[in-house]
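Remarks on the structure that follows.
What you see below is based on every heavy atom in this structure, not just the backbone, and it leaves out hydrogens, waters and symmetry mates. One-based numbering, in listed order, for ligands and for the atoms of each. Predicted model only: the values in this text are computed from it and were never measured.
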Amino acid sequence: MKMKAGHHRLKPALLILILNLCFYASYQLTEPQICKLCSGTVLNGTVVDQFCSASAGRIDGRCCLRNDNTSDPEHIIGLDLSNCSLTHVGDLKEASTALMIDLSHNSIVNISESVFQGFIELNYMILPADIGCPGGNASWEKDEVKEGNRLCEGQKNTCNQTGQLSINCPENSLCGPYGPGFFQCSCAGNYHGYKCLREGEFPNLLVFGPLGASTVVISVLLWVTQRRKVKSL
Ligand SMILES: *[C@@H]1O[C@H](CO)[C@@H](O)[C@H](O)[C@H]1NC(C)=O
Ligand SMILES: *[C@@H]1O[C@H](CO)[C@@H](O)[C@H](O)[C@H]1NC(C)=O
Ligand SMILES: *[C@@H]1O[C@H](CO)[C@@H](O)[C@H](O)[C@H]1NC(C)=O
Ligand SMILES: *[C@@H]1O[C@H](CO)[C@@H](O)[C@H](O)[C@H]1NC(C)=O
Ligand SMILES: *[C@@H]1O[C@H](CO)[C@@H](O)[C@H](O)[C@H]1NC(C)=O
Ligand SMILES: *[C@@H]1O[C@H](CO)[C@@H](O)[C@H](O)[C@H]1NC(C)=O
């Protein structure tokens, strides 16, 4: 009985996981489409261009790509969607490995917080001045407006915002960063199942949720009982 109720509530989370798996699958096979979302290439001398040169990356359209390992596929480390007449920002998942994103010189009204969920590496953003840094200014070391752009520098670890690591996660689980303003909990050691209450060998529980300005909301509880089954979907 209990299991069934839990399962029903967790459906959206499973969907997210499946979408993520699909994304990773397609990401490995195809060239990132987001690099061609805007015309032209990363312009010479821009922040992303300089970062790319310094990081030994390769410019492809609006992206800076790099592979850390000869065995690893190339991934996006920089994304420059500036001056591209964007009015809203949709799915940027392909760029979730980016360290730097430039969205300046667009008339963007609003960016959903969830767009940058999972962007663990993101450490430098340039936005139109009237758009706030994702996750709020508490999620960044530096949040300032300069020359008409907003700069968000140095993503803070959301788990650490209260100075008390793991306070947001159930017992037997560890808190980890999951993009600006987000955290994720993963079961520690051999624990698994709903709220990491079971012990023994089994797939991990993932809990992730956004952190409001001061309040913590665990929006999604994910109970992966059969990882293999989910993957095959
Ligand atoms: C980019 O700018 C540098 C110096 O600012 C110059 O040496 C280089 O030739 C330029 N590259 C291109 C492709 O325009
Ligand atoms: C190469 O890949 C392995 C496995 O993914 C990783 O552990 C290692 O850190 C990578 N090396 C570099 C230089 O990134
Ligand atoms: C934006 O692009 C247009 C042409 O596409 C160019 O004339 C303009 O200078 C660019 N603005 C900035 C801020 O780069
Ligand atoms: C921004 O987006 C949020 C949620 O997506 C929405 O509630 C809000 O009304 C939007 N604000 C504007 C100015 O569009
Ligand atoms: C962060 O934002 C809050 C509310 O918008 C503001 O009161 C505070 O001064 C800001 N802090 C910094 C460091 O900008
Ligand atoms: C947590 O914050 C403290 C003080 O700001 C810092 O010294 C520590 O390295 C941080 N820990 C992590 C895991 O980010």
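Distances below 4.0 Å separate heavy atoms of His105 from the following atoms of ligand 3: 13 (C).
Evaluated for a side-chain contact (heavy atoms from CB on, under 4.5 Å) with Ile108, the options Leu127, Leu86, Asp130 yield exactly one hit, Leu86.
Scanning the protein for heavy atoms near atom 12 (C) of ligand 3, the closest one is Asn83 ND2, 3.2 Å.
For atom 4 (C) of ligand 3, the nearest protein heavy atom lies 4.0 Å or farther away. The protein reaches atom 14 (O) of ligand 3 closely, with a heavy atom under 4.0 angstrom from it. Distance screen at 4.0 Å: atom 9 (O) of ligand 3 has no protein heavy-atom neighbour inside the cut-off.
Here Lys36 pairs with Asp60 in a salt bridge; the nearest charged N to carboxylate O distance falls below 4.0 Å.
Hydrophobic clustering (side-chain heavy atoms under 4.5 Å, transitive across Ile, Leu, Val, Met, Phe, Trp, Tyr) groups Leu122 together with Ile76. Side-chain heavy atoms closer than 4.5 Å link hydrophobic residues (I, L, V, M, F, W, Y) into clusters, and following such links, possibly through other members, connects Leu65 to Ile34.
If you check the gamma sulfurs of Cys169 and Cys175, they are not less than 2.5 Å from each other.
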